[in-house]
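Take a look at the structure set out below.
Remember, it's a predicted structure, so these values are computed and weren't measured experimentally.
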Amino acid sequence: MTGPLRGVTVLDFTRVLAGPLATQILAELGADVIKIERPRRGDETRTFEPRLPGGESAYFFTVNRGKRSVTLDLSSPRGQDIARELADRADVVVENFMPGTMDKYGLGYEALAERNPRLVYVSSSGFGRSGPYSDRKGYDTVFQALSGIMSLTGHPDTPPAKVGVPISDMTSGLWITIAILTGLLGRGADGRGSHVDLAMMDVQTSLLALAAARIFALDEDPSRTGTEHPGRVPSAAFQCADGGWLHISCSDQHWGPLCRVLDLPELAADPGLAANAGRLAQRGRVMAALAAAIGRRTRHPLADELRAVDVPAGEVNSAREALADPHTTARGMVGSFDHPVEGEFGALRTPLRVDGRDYPEPGVPPLLGADTEDVLTGLLGLDRADVARLREEGTV
């Protein structure tokens with residue numbers, strides 16, 4: 001392993017998206033991530049669509065690159081013993097079972113930290129280890145709904161909408177990563193690790209920061225505003241003459257140049273519109289005039305003309321267009337890996353560049369249990385006959 005986290009061993013008991021995303025980030029930054037999976041079945045996302053010609057899951061490929069896969073039956077006493085021995089040699093344990101599950105297996109924080117006091121242990125769950133909802137199950141969109149995120153997404157005259165990406169899972173994955181890095185840094189003082197209780201619901205609530213500020217300041221519950229910014233005019237997507245959409249976000253210093261490009265001298269000359277507060281007060285008039293002017297222009301030339309005078313503007317790209325964008329290409333964000341079953345497959349690189357070095361190449365997602373023998377013989381000192389017996393009895 002190379003990268004800033006080389007030498008860090010992560011024992012990964014997570015499944016689906018949030019936890020695996022976090023541990024993939026660690027893996028691609030150099031950590032040795034050992035993914036513990038159920039024998040024969042593995043992480044449930046191995047069966048998620050879309051499936052590739054060789055039967056592997058593109059979903060699984062997205063968040064499990066660069067890891068080693070070990071199959072282990074945690075419901076068996078021998079499987080639990082092996083998990084404890086692996087945790088003795090780990091720096092980090094991450095799990096996203098329902099609260100209490102790891103304790104039932106004898107793999108909770110207290111049990112493992114007694115054996116390995118330096119262990120950084122992150123428990124990620126839907127609602128956390130306390131509170132009235134702690135025994136509830138949920139998925140990404142459930143947390144978007146309960147947290148208020150869904151009520152803020154969409155247009156005023158349409159029903160609530162989910163965010164176009166699984167934002168609950170992905171932001172929770174980032175916070176799991178933050179928790180792990182904080183724990184690793186924090187144990188430097190006295191050598192002791194820590195236990196982090198991370199709830200996806202809490203993460204989503206934290207995303208309400210600006211909406212909450214509006215409630216605290218104005219006692220006003222924010223509502224859906226489509227692509228418009230509730231506190232800035234203009235900041236919205238406008239449809240152009242060719243059918244494409246262009247998002248423009250304008251502060252006071254951009255107002256004059258915007259009006260000149262759009263040939264709206266009457267708006268530029270109105271002193272009541274020079275500051276954002278005045279434009280907010282006349283939102284309807286301003287937005288109608290801008291929409292009419294932009295609707296007569298073609299998207300890409302208009303975007304270039306606006307950017308030439310430093311007005312922030314961006315074409316509303318499709319996902320395919322975004323991946324092919326010249327800047328994305330130049331920054332090297334799109335890479336690939338060579339999988340032993342599916343061959344070459346595309347992957348997004350980590351956005352971190354450390355010490356000016358290029359992004360690490362995407363790691364290869366492991367086949368189910370492909371590294372069981374290597375990990376058990378290399379880390380625990382078992383011989384191949386021991387592993388064969390464990391395989392026969394269904395422990396691995």
Side-chain angles (χ1 to χ4, degrees), residues 1-15 18-37 64 66-70 72 74 77-97 99-125 128-130 172-199 202 350 352 354 360 363 366 371-372 374-382:
M1 290 298 205
T2 62
L5 295 184
R6 60 187 177 277
V8 173
T9 300
V10 179
L11 196 56
D12 178 13
F13 293 95
T14 66
R15 311 99 58 224
L21 172 62
T23 53
Q24 176 174 279
I25 294 171
L26 301 176
E28 296 200 330
L29 292 176
D32 180 14
V33 177
I34 301 170
K35 182 178 178 70
I36 304 299
E37 301 189 70
N64 287 287
K67 306 176 186 180
R68 297 200 282 173
S69 173
V70 170
L72 195 58
L74 298 181
R78 182 61 179 130
Q80 293 162 12
D81 287 342
I82 292 172
R84 281 188 283 269
E85 292 177 43
L86 289 172
D88 289 345
R89 294 157 175 80
D91 299 283
V92 177
V93 164
V94 196
E95 58 94 3
N96 63 351
F97 292 105
T101 301
M102 292 292 274
D103 293 313
K104 180 180 69 175
Y105 293 148
L107 299 172
Y109 172 70
E110 289 77 12
L112 296 187
E114 185 176 351
R115 300 163 58 107
N116 180 4
R118 290 177 53 79
L119 195 64
V120 175
Y121 192 115
V122 178
S123 296
S124 173
S125 60
R129 295 167 62 86
S130 61
S172 295
L174 295 177
W175 272 102
I176 293 170
T177 306
I178 293 169
I180 291 169
L181 296 177
T182 302
L184 290 172
L185 183 64
R187 75 178 183 180
D190 59 7
R192 293 194 62 84
S194 56
H195 185 202
V196 177
D197 171 16
L198 185 71
D202 293 348
T350 171
L352 292 180
V354 180
D371 305 288
T372 301
D374 286 345
V375 169
L376 298 188
T377 57
L379 282 184
L380 302 188
L382 277 65

For this session: Measure the acute angle between the ring planes of Tyr109 and His195, then classify it against the limits of 30° and 60° as parallel, tilted or perpendicular.
Result: parallel

For this session: Would you confirm whether Asn116, through its side chain, and Ala87, through its main-chain N or O, come within 3.5 Å as a donor-acceptor pair?
Result: yes

Problem set entry | Qualifying residue, where the test is side chain to side chain contact (heavy atoms under 4.5 Å, CB included) with Phe13 and the options are Val94, Val93, Asn96 | Val93

Exercise. Are Ile36 and Leu11 side-chain neighbours, meaning at least one heavy-atom pair lies under 4.5 Å?
Worked result: yes

Problem set entry | With Leu181, the side chain to side chain contact (heavy atoms under 4.5 Å, CB included) member among Ile25, Leu26, Val8 | Leu26

Exercise. Taking atom types as modelled and ignoring hydrogens, do the side chains of Thr23 and Lys67 form a donor-acceptor contact shorter than 3.5 angstrom?
Worked result: yes

Exercise. Is any side-chain heavy atom of Arg118 closer than 4.5 Å to a side-chain heavy atom of Arg192?
Worked result: no

Exercise. Applying the side chain to side chain contact (heavy atoms under 4.5 Å, CB included) test to Ile34, which of Asp12, Thr9, Val10 qualifies?
Worked result: Thr9

For this session: Report yes or no: does Gln24 contribute a side-chain atom to a donor-acceptor pair with the main-chain N or O of Gly66 at less than 3.5 Å?
Result: no

For this session: Return each pair, listed once, that meets salt bridge (Lys or Arg N to Asp or Glu O under 4.0 Å) where at least one residue sits in residues 100-111; pairs must be two or more places apart or across chains.
Result: Asp103-Arg129

Exercise. Counting N and O atoms only, with roles assigned by atom type, does the side chain of Arg84 sit under 3.5 Å from a partner on the main chain of Gly106, one being a donor and the other an acceptor?
Worked result: yes

Exercise. Are the side chains of Arg89 and Leu380 in touch, meaning some heavy atoms are under 4.5 Å apart?
Worked result: yes

For this session: Sequence neighbours left out, what passes salt bridge (charged side-chain N to carboxylate O under 4.0 Å, His left out) with Asp197? Give chain and number order.
Result: none

For this session: Show the numbers, then the answer: is there a side-chain contact (heavy atoms from CB on, under 4.5 Å) between Asp91 and Leu184?
Result: CA-CA 8 Å; Asp91 299 283; Leu184 290 172; 4.2 Å; yes

Exercise. Just by modelled atom types, is the Ile178 backbone N or O under 3.5 Å from a matching donor or acceptor in the Thr182 side chain?
Worked result: yes

Problem set entry | Within-4.5 Å side-chain heavy-atom neighbours: Arg68 and Val375 | yes

